[in-house]
Structures are given as structure tokens and as C-alpha cells.
Asker: 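The structure that follows is given in the form of C-alpha cells.
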Amino acid sequence: MARRMGSIRLRRASPVTVAVGALLCIFIVLFLIYPSSSPGGGSSASQRRMAGAAIHPLSPVTDPYRRIPGLDESRAPPINRYNMNNVTGTADPEGNRENILILTPMARFYPEYWDNLVKLTYPHELITLGFILPKTKEGNEATAALQKRVFKLQRYGAEQDRFRSIVILRQDDEPAIDSQDESERHKLENQKARRAVMAKARNALLFTTLGPHTSWVLWLDADIIETPPTLIQDMARHDRAVLAANCFQRFYNTETGRMDERPYDFNNWQDSEMALELAKGMGRDDILLEGYREMPTYRALMAYMTQEDKGEKYEVPLDGVGGTTLLVKADVHRDGAMFPAFAFYNLIETEGFAKMAKRLGWQPYGLPNYKVYHYNE
Ligand code: GDP
Ligand code: MN
């Protein structure tokens, strides 16, 4: 269509116009063949706009990928150099423009989780979100609900609400148990297989999303529906390699007739002589679990260490951590600390991670008075 119109025009044009047109065509062809003499490509203005933007689909996910139509085909794949010494993890991440990766394994989607996430005041252009969802009926429903919110926010949301980038993974493992109901999840005989599946899901999510620009990783479970909006700044200020918030649950107390709260996450603990003795008598593949009457460990649980008079900043060292709200310096993961899906010192998943971090020289800590809240089923 366009071509025909062009040829009609040319037939009627004067020789001068034809000459100018031909010259223009040559310029356009030359421009397409030699997009730019600079290795980055494009003019200096567009280069400035592209700064920090990935130019190759395999570039790190902390950078958004932008394709330039017509130019990419002729460009050689880039070679990226990163000076890891410049990737800091400091007490003032906002001031130092540090990138944070928020990672969430998600079996169910809760709108309250999403609303809380969007309300976090840490600059969203420094936040990358990563999700992993199981390939089950429930997982499919959660994926659909999540994608709806993601699309709405990233496409139509206010500029300051949009996140730097978002990655959604689907799990390739079979789920360990069919039901996600709390009673089924927490049965002792289901725990080892379930925690192993969770560990693999966390590792898959971590290893596919951690980029060379990542300073921090915040593990945030999909059923954490309430945190302070300054969560990231508050926790980072402690400048700890591994730091857990205290996970509680709100409930209606029938005895007092009022809303109340109770401890929820028992995976944040300090070791006890009893637990260490128990572990000594166990087989290599056995795991010690917390919060089961059948297996009294006498560990000191952070869930019970709240001391309001000591303030929000009160810290305690930990030997085991949970993953509900856990801030980790990216260097800890880069050093190789991950979530063992097998018995590691008779510990598994997040508790095994705490042990591994400690063995690498990174002492985990917890904040007994800094509370976040778990959904109440
Ligand atoms: P609990 O609160 O300790 O009982 O543990 P959850 O069942 O809440 O699991 C912890 C986190 O992992 C939550 O964010 C869940 O939505 C998510 N989750 C649970 N099971 C799976 C699974 O099979 N695959 C994935 N990808 N996430 C899961
Ligand atoms: Mn949970």
C-alpha cells in the first residue's frame, strides 16, 4: 500500500526531488547497516536514557530489558563487566541506592499481602520482585490473581508505585502434599517432604533472580499481610548479614472478646543443649523440627522473646531462622548459603540456611520486638 503511493508520487516529482529522495534513502540504508560507532549504540541522549537498562534478553534481571526495534538485530551480544566491590549492603541502602530483591514463594494469593507490599516506602525503582508458584490447581489460581495485580500496577500504576522489574516462576517439582490447609501442612510426618520441596522452590527462585546489582534479598512469605511500611529501611539499619523479624498472627480472643495476637513462626530460635543432644542421636538423614510436642527441643524461641521495654531495635543472635520475613545481604547468598533440601546438620530449609550462613562466618540475628503479621486461616 505505502509502496504504491510512493511510486505514484515519484512519477510526478521533479528531478531535483528525486535526487534528494535518493540521497535520503542512501542515508537511511547506511544508518541501518552501521547503527552507531559507539559500542553501546544510539545517540548520547538515548544512551543516557538506556543507562542501567539491559540491552540483551540474557542480561541480569535486575535490569529491565528494552529492545530497540531495527537496531538489535545488527548488534553483537554485549559483554558486561561488574565490579562486585561497588555492590554495597549498608545501613543506609536508600542513601546508597542499593537494589533489593524481594523473593516470595507463593502457594496462595492474598490481596492483603499485595497491598502491604505496594505500600512499602523503600524506592520502588530499586526493588525487583521474584515469585515462584507451584504447578497445582491452587498455584494456577494464585498465578492468575498475581498476574492481574502485577499487570495493573506496572502498566497503569502511579510512577512511584511501579517496581523496577518483576519475575514470576512456575515450579517444576511435584508438590509434596495435596492440601495447603494449615492442619495438613503442619503434620509432623508431612514436614520433611514439604520442607524439602519448599527448599528447592526457594533455591530455584534465588538462583534465577539474584543479579550482580543485588545488594539485599528480602524473603517475604505470601501470607505476610501486615508489616511496617518502612520494613526494608528499619531492618537494613541493623546492618546484619541475616536478620529475621518476629512473625505474629492476629486473632479474635474469645476469652477477652477482643482482637489479640499470638506468636506464629517458631523457626527463629537459639539452640539448646537438649536439641544438640537429640541431634547427636539421630541418623544422618533425620531432621530436627521445631514446635512439635513429639520432639521437645527446649530451644529458646524468638517468638517468646518479646520485651516491649527494650524497643523495636532489640536484637538477639539466632541459630535457626524462618523465611516469613528475613532480610539477607546478597553476599551471604553469593558466598553459597542456600536452603538445603536435605538434612544439613540435621536441619532443613530456612533453618539449614541459618546454619550454613553461620558456617560461612555470617551470624544470623532476630528482632523479637519488631513484628510482622501472618494471615489467619
Ligand atoms: P507455614 O506458614 O510455615 O505453614 O508455611 P506456608 O505454607 O505458609 O509456606 C511458606 C511460603 O511458601 C508461603 O508464602 C506459601 O505461600 C509458600 N508455599 C507453600 N507451599 C509451596 C509450594 O509447594 N510451592 C511454592 N512455590 N510455594 C509454596
Ligand atoms: Mn505461612
Side-chain angles (χ1 to χ4, degrees), residues 102-114 116-117 129-147 149 166-209 217-227 244-251 261-269 287 289-292 301-303 320-326 338-339 341 347-354 371-377:
I102 302 184
L103 297 183
T104 300
M106 180 179 275
R108 286 176 178 176
F109 178 82
Y110 294 108
E112 298 92 334
Y113 157 86
W114 181 256
N116 182 72
L117 183 70
L129 305 179
F131 300 92
I132 187 162
L133 302 97
K135 274 236 178 245
T136 56
K137 187 168 166 285
E138 242 185 356
N140 292 347
E141 283 162 16
T143 306
L146 171 68
Q147 271 169 343
R149 306 292 169 124
I166 298 179
V167 181
I168 300 174
L169 305 180
R170 298 305 300 276
Q171 209 168 314
D172 53 10
D173 286 302
E174 287 297 310
I177 51 171
D178 292 330
S179 166
Q180 275 296 326
D181 292 331
E182 192 172 321
S183 59
E184 223 11 67
R185 274 183 356 231
H186 290 175
K187 272 187 196 156
L188 185 56
E189 63 268 28
N190 282 336
Q191 277 296 303
K192 195 177 168 193
R194 199 179 94 78
R195 300 277 310 263
V197 166
M198 283 304 309
K200 287 184 193 168
R202 288 189 195 277
N203 288 332
L205 182 56
L206 174 65
F207 291 127
T208 36
T209 55
V217 177
L218 175 68
W219 291 95
L220 187 65
D221 273 357
D223 40 24
I224 297 302
I225 53 169
E226 188 187 331
T227 69
N246 210 356
C247 179
F248 273 60
Q249 184 177 53
R250 295 194 193 280
F251 72 106
E261 58 178 41
R262 61 188 165 211
Y264 184 85
D265 191 354
F266 298 132
N267 291 339
N268 298 303
W269 43 257
I287 56 165
L289 292 164
E290 195 47 63
Y292 291 88
L301 305 184
M302 180 167 82
V321 299
T324 52
T325 307
L326 183 71
M338 47 68 158
F339 302 93
L347 300 170
I348 197 165
E349 207 217 346
T350 55
E351 294 162 296
F353 163 73
K371 290 179 190 162
V372 297
Y373 294 90
H374 190 277
Y375 188 82
N376 188 352
E377 288 174 34

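In what follows, residues are counted from 1 in the order of the sequence shown. Both counts, for ligands and for their atoms, begin at 1 and track the order of listing.
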Asker: Taking 4.0 Å as the limit for heavy-atom contacts, which would you say applies to Leu133 with ligand 1: side chain only, backbone only, both, or neither?
Answerer: backbone

Asker: So, regarding Ile132 and ligand 1 (criterion: nitrogen or oxygen to nitrogen or oxygen, under 3.5 Å), is there a contact or not?
Answerer: yes

Asker: Does any N or O atom in Tyr264 lie less than 3.5 angstrom from one in ligand 1, N or O only?
Answerer: yes

Asker: Hey, what do you get for CZ (Arg149) to CG (Leu117), rounding to the nearest 0.5 Å?
Answerer: 12.0 Å

Asker: Check whether the ring centres of Trp219 and Phe339 lie less than 6.0 Å apart, and answer yes or no.
Answerer: yes

Asker: I'd like to know if the side chain of Asn376 and the backbone of Arg250 have a donor-acceptor N/O pair within less than 3.5 Å.
Answerer: yes

Asker: Is there a donor-acceptor contact under 3.5 Å from the side chain of Gln249 to the main chain of Tyr375?
Answerer: yes

Asker: Do Asp223 and ligand 1 have an N or O pair less than 3.5 Å apart?
Answerer: yes

Asker: Going by the order shown, which atoms of ligand 1 are within less than 4.0 Å of some heavy atom of Asp221?
Answerer: 10 (C), 11 (C), 13 (C), 14 (O)

Asker: Taking side chain as C-beta onward, heavy atoms only, is Glu112 less than 4.5 Å from Glu226?
Answerer: no

Asker: Measuring from atom 5 (O) of ligand 1, which candidate in Glu377, Glu138, Arg194 has the nearest non-hydrogen atom?
Answerer: Arg194

Asker: With only distance considered, is Pro105 within less than 3.5 Å of ligand 1 through an N or O on each side?
Answerer: yes

Asker: Using a heavy-atom cut-off of under 4.0 Å, does the side chain or the backbone of Gln171 touch ligand 1, or both, or neither?
Answerer: side chain

Asker: Can you confirm, on distance only, whether ligand 1 has an N/O atom lying under 3.5 Å from any N/O atom belonging to Ala201?
Answerer: no

Asker: Looking at side-chain heavy atoms only, is the closest gap between Met198 and Thr350 below 4.5 Å?
Answerer: no

Asker: Given a threshold of 2.8 Å, state how many protein N/O/S atoms are nearer than that to the Mn ion (ligand 2).
Answerer: 2

Asker: Is the shortest distance from a Lys or Arg side-chain nitrogen in Lys371 or Asp265 to a carboxylate oxygen in the other one below 4.0 Å?
Answerer: no

Asker: Under a 3.5 Å distance rule, please check whether Asn246 uses its side chain to pair with a backbone N or O of Met302 as donor and acceptor.
Answerer: yes

Asker: Only one of Thr227, Thr104, Asp221 clears side chain to side chain contact (heavy atoms under 4.5 Å, CB included) with Tyr113; which?
Answerer: Thr104

Asker: Ring-plane angle category for Phe131 and Trp114, please: parallel below 30°, perpendicular beyond 60°, tilted otherwise.
Answerer: tilted

